[in-house]
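Beneath this line is the structure, given in C-alpha cells, with notes to follow.
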Amino acid sequence: MSEVSAERGRFAAGDALMPIDRALAELDARLTPVTGIETVPVRQALFRILAEDVTAPVNVPGHDNSAMDGWAFRLADLPSDGRLPVVGRVAAGHPFDGDLPAGGAVRIFTGAPLPSGADTVAMQEDCRAEADCVVLPTTLKRGDNTRKAGEDVALGSMVLVAGTRLRPQELGIAAAVGRAELAVRRPLRVAVFSTGDEVREPGTALPPGCIFDTNRITAGALLRTLGAEVSDLGILPDRQDVIRAALREATQDHDMILTSGGVSLGEEDHVKAAVAALGSLHFWRLAIKPGKPVALGEVAGVPFVGLPGNPVAVMVTFMLIARPMALRLMGASVSPPPRFPVQAGFAFRHRPGRREFPRARLAWVDGRLVAEKFPSDSSGVLTSMVWSDGLLEIAEDVGDIAPGDIVDFLPYAEMMR
Ligand code: AMP
Ligand code: MG
C-alpha cells in the first residue's frame with residue numbers, strides 16, 4: 001500500500017472517487033497469501049483452501065465396467081434370436097478370469113469390470129434367463145450400459161488446483177484418485193476491533209447517546225464464514241494513542257486486522273492516522289453506496305482494512321472489499337460473485353457516479369421473478385440486511401430504474417462463504 005502520510009489531505013471531499021473495479025485490481029496486485037501450509041486428512045479438509053495441485057495417479061474408474069446389472073457380451077457375437085450361452089459371472093470387486101469366450105455371455109453386476117472381449121451390457125430387465133442361456137435384446141448398440149476406464153478422471157489429469165475452497169465434491173474427487181491427505185492453507189488469523197466512544201458492548205448498560213456494537217458481531221461472523229480464525233478484540237475509544245497501542249499489539253499474532261468506524265473525514269476519525277503512523281495507509285473513497293470510506297494499509301507488515309462505521313456499510317464493504325482481501329491473504333483464488341439478472345419490482349432514483357448496492361430479495365410476481373427492494377436505503381438500517389437476501393448492483397453510469405428494468409442481483413449466499 002502506498003504511504004499516505006505524504007499524501008494526507010489528498011483525499012479531501014470533492015476528490016475523485018475510486019471505482020470498485022480498480023480497488024479490487026489493486027488488492028489483487030498488492031496482496032499475496034500469508035498463511036502457511038499444513039497437511040490434513042481429507043475428511044478434515046472441508047472448506048479449507050487447497051495448497052497444492054492434485055493430479056490423478058490413476059484412471060477413475062480404473063477399468064471398463066458395467067453400468068447395470070445384466071449380461072455382458074460382444075455385440076458382434078449376438079445371433080438374430082438374441083440367445084447366448086452363459087459362461088460365467090462377475091461381481092463388483094471380482095474381475096473375470098481370462099478373456100470372454102467367443103459367443104458367450106457373462107452374468108454381470110453394476111461396477112464389475114467388463115471381461116476383456118466384452119463390449120456391451122444388456123440390462124437384466126430387458127433379458128430372459130433360461131437354464132444355461134440368456135435371451136438378450138437385439139436392439140442394443142456397441143458400448144451400451146458400459147462405463148469406460150478414465151471416463152470420470154483420466155490418469156495424469158489435474159483434478160483440483162491450488163487455491164480451491166474444498167467443498168464436499170472436491171473432497172470426494174480427492175478420495176476418488178486415492179488421496180488420504182491434502183495440503184491446505186492454515187486458517188487466516190484476523191483481529192477484529194470496533195471503534196467509537198459511543199459504541200457499547202451488548203449486555204451492558206447503555207448510557208444516553210450510545211449504541212450497542214453490531215459491527216464486531218457481523219464482521220466477525222462474515223470472517224468465520226470464510227474459514228478465518230477471528231480474535232474479537234473489543235471496542236476502542238476515539239483516542240489515537242489507545243488505537244495505536246491496540247493495533248500494534250494485534251500485529252503480534254494475526255495475519256490481518258479489521259476495524260470498523262473512525263475512517264471518515266471527521267475530527268473524531270482516528271483510525272486512519274493511527275495506521276498511517278504505525279505503517280502505511282492507502283485511504284480509498286470508493287465510488288460505491290453504501291460505504292464510501294474504506295482504509296487499507298499495513299501495520300508492522302500486517303495487512304489492515306478499516307471499514308466504515310455504519311452497520312450496513314460494514315457488511316456491504318466487507319462483502320465487496322474485505323472478503324476478497326481475506327481470500328487473497330488465505331491463498332484462495334478469488335472470483336467475482338455471480339450476478340443474476342432479474343426484473344426490478346420497484347422504481348429507484350439513481351444519480352450516475354457511484355455504484356449502488358440497495359438491499360433486495362427475490363419474489364415470484366405473476367409468474368415472473370422480480371427483485372423487491374427494501375424501502376430504506378440508509379446505511380444505518382441493519383434491519384434491511386435481515387429483510388433481504390442479497391444486494392442489487394446499479395452500475396455507475398446507470399440512471400433511474402423503472403419497474404421491469406433488468407437489474408443484477410448478488411445473493412448473500414454467494415458472499416458469505
Ligand atoms: P463513524 O464512521 O465512526 O463516524 O461511524 C458512523 C456511524 O456508525 C455512527 O453513527 C456510529 O455510531 C455507527 N457505528 C460505528 N461503529 C459502530 C458499531 N460497532 N456498531 C454499531 N454502530 C456503529
Ligand atoms: Mg466513530
Side-chain angles (χ1 to χ4, degrees), residues 4 8 11-13 15 17-18 23 190-224 228 230-247 250 256-277 281-297 304-323 354 357 359 374 376-388:
V4 91
R8 284 192 52 211
F11 297 100
D15 274 3
L17 301 178
M18 183 188 282
V190 188
V192 176
F193 295 98
S194 288
T195 70
D197 285 349
E198 79 286 25
V199 179
R200 295 305 158 101
E201 189 67 21
T204 65
L206 195 63
C210 291
I211 182 168
F212 286 128
D213 186 1
T214 61
N215 295 345
R216 257 158 65 231
I217 294 291
T218 54
L222 283 161
L223 283 162
R224 282 188 203 94
V230 177
S231 301
D232 186 334
L233 296 180
I235 302 161
L236 300 175
D238 288 319
R239 278 182 47 193
Q240 222 207 106
D241 55 338
V242 180
I243 296 174
R244 272 196 207 194
L247 293 179
M256 172 175 164
I257 300 173
L258 180 149
T259 65
S260 66
V263 291
S264 298
L265 298 171
E267 285 164 22
E268 295 294 347
D269 293 319
H270 300 291
V271 173
K272 279 188 319 217
V275 173
L281 182 81
H282 194 92
F283 178 54
W284 290 346
R285 290 175 66 242
L286 296 175
I288 59 172
K289 192 178 171 197
K292 189 160 53 181
V294 173
L296 283 117
F304 166 87
V305 60
L307 302 181
N310 278 306
V312 175
V314 164
M315 295 195 72
V316 172
T317 53
F318 183 95
M319 291 187 273
L320 297 177
I321 291 286
R323 177 179 181 272
R354 286 156 78 181
F357 297 91
R359 274 66 68 201
F374 189 76
S376 164
D377 299 309
S378 164
S379 61
V381 176
L382 196 54
T383 45
S384 68
M385 295 296 299
V386 175
W387 179 91
S388 57

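Numbering of ligands and ligand atoms starts at 1, following listing order. By convention here, the first residue in the shown sequence is residue 1.
- A side-chain donor-acceptor contact under 3.5 Å links R354 to the backbone of I288.
- A heavy-atom separation below 4.0 Å is not found between G196 and ligand 1.
- Contact annotation for E268 and ligand 1: no heavy atom of the residue comes within less than 4.0 Å of the ligand.
- Close N/O approach between V263 and ligand 1 is not found [any backbone or side-chain N/O within under 3.5 Å].
- Checked by atom type, the side-chain pair S194/N215 shows no donor-acceptor distance below 3.5 Å.
- Note: L206 CG to I211 CD1 = 8.5 Å, rounded to the nearest 0.5 Å.
- With A219, G309, G266 as candidates, the residue nearest to atom 23 (C) of ligand 1 on a non-hydrogen basis is G309.
- Screening D238, V275, D241 against H270 for a side chain to side chain contact (heavy atoms under 4.5 Å, CB included) leaves a single residue, D238.
- Heavy-atom contacts of T214 reach the following atoms of ligand 1: 20 (N), 21 (C) (cutoff under 4.0 Å).
- Which parts of ligand 1 touch G262 is read off a 4.0 Å heavy-atom cut-off, strictly below it: atoms 1 (P), 2 (O), 3 (O).
- For residues 201-212, the salt bridge (charged side-chain N to carboxylate O under 4.0 Å, His left out) pairs, not counting sequence neighbours, are E201-R216.
- In terms of protein heavy-atom proximity, atom 4 (O) of ligand 1 is closest to D269 OD1, 4.0 Å.
- In terms of heavy-atom proximity, A274 sits nearest to L247 at CB-CD1, 4.3 Å.
- Atoms of ligand 1 found under 4.0 Å from any heavy atom of F212 (numbered from 1 in listed order, with element): 20 (N), 21 (C).
- The one candidate from N310, V294, V305, V312 that meets the side chain to side chain contact (heavy atoms under 4.5 Å, CB included) condition with T317 is V294.
- Per-residue contacts place G261 under 4.0 angstrom from the following atoms of ligand 1 (heavy atoms of the residue considered): 2 (O), 3 (O).
- Counting heavy atoms under 4.0 Å from ligand 1, residue T195 touches it through the backbone alone.
- In plain terms, the two heavy atoms of L236 and A246 that are nearest each other are CD2-CB, 3.6 Å.
- Contacts between V199 and ligand 1 below 4.0 angstrom, taking non-hydrogen atoms only, involve the side chain exclusively.
- Atoms of ligand 1 found under 4.0 Å from any heavy atom of N215, numbered from 1 in the order shown, are 16 (N), 17 (C), 18 (C), 19 (N), 20 (N), 23 (C).
- Residue contact check: S194 has heavy atoms under 4.0 Å from atoms 19 (N) of ligand 1.
- With hydrogens and angles disregarded, no donor-acceptor distance shorter than 3.5 Å links the side chain of K292 to the backbone of P308.
- Taking D377 as the reference, K373 meet the salt bridge (Lys or Arg N to Asp or Glu O under 4.0 Å) condition, with sequence neighbours excluded.
- Within the listing of ligand 1, atoms 18 (C), 19 (N), 20 (N) sit less than 4.0 angstrom from a heavy atom of D213.
- Taking both residues in full, the closest heavy atoms of S384 and R359 are given as OG-NE, 3.4 Å, listed atom of the first, atom of the second, then distance.
- Among protein heavy atoms, the minimum distance from atom 11 (C) of ligand 1 is reached at E198 OE2, 3.0 Å.
- If you check which protein heavy atom lies closest to atom 7 (C) of ligand 1, you get N310 OD1, 3.3 Å.
- Heavy-atom contacts of S264 reach the following atoms of ligand 1: 2 (O) (cutoff under 4.0 Å).
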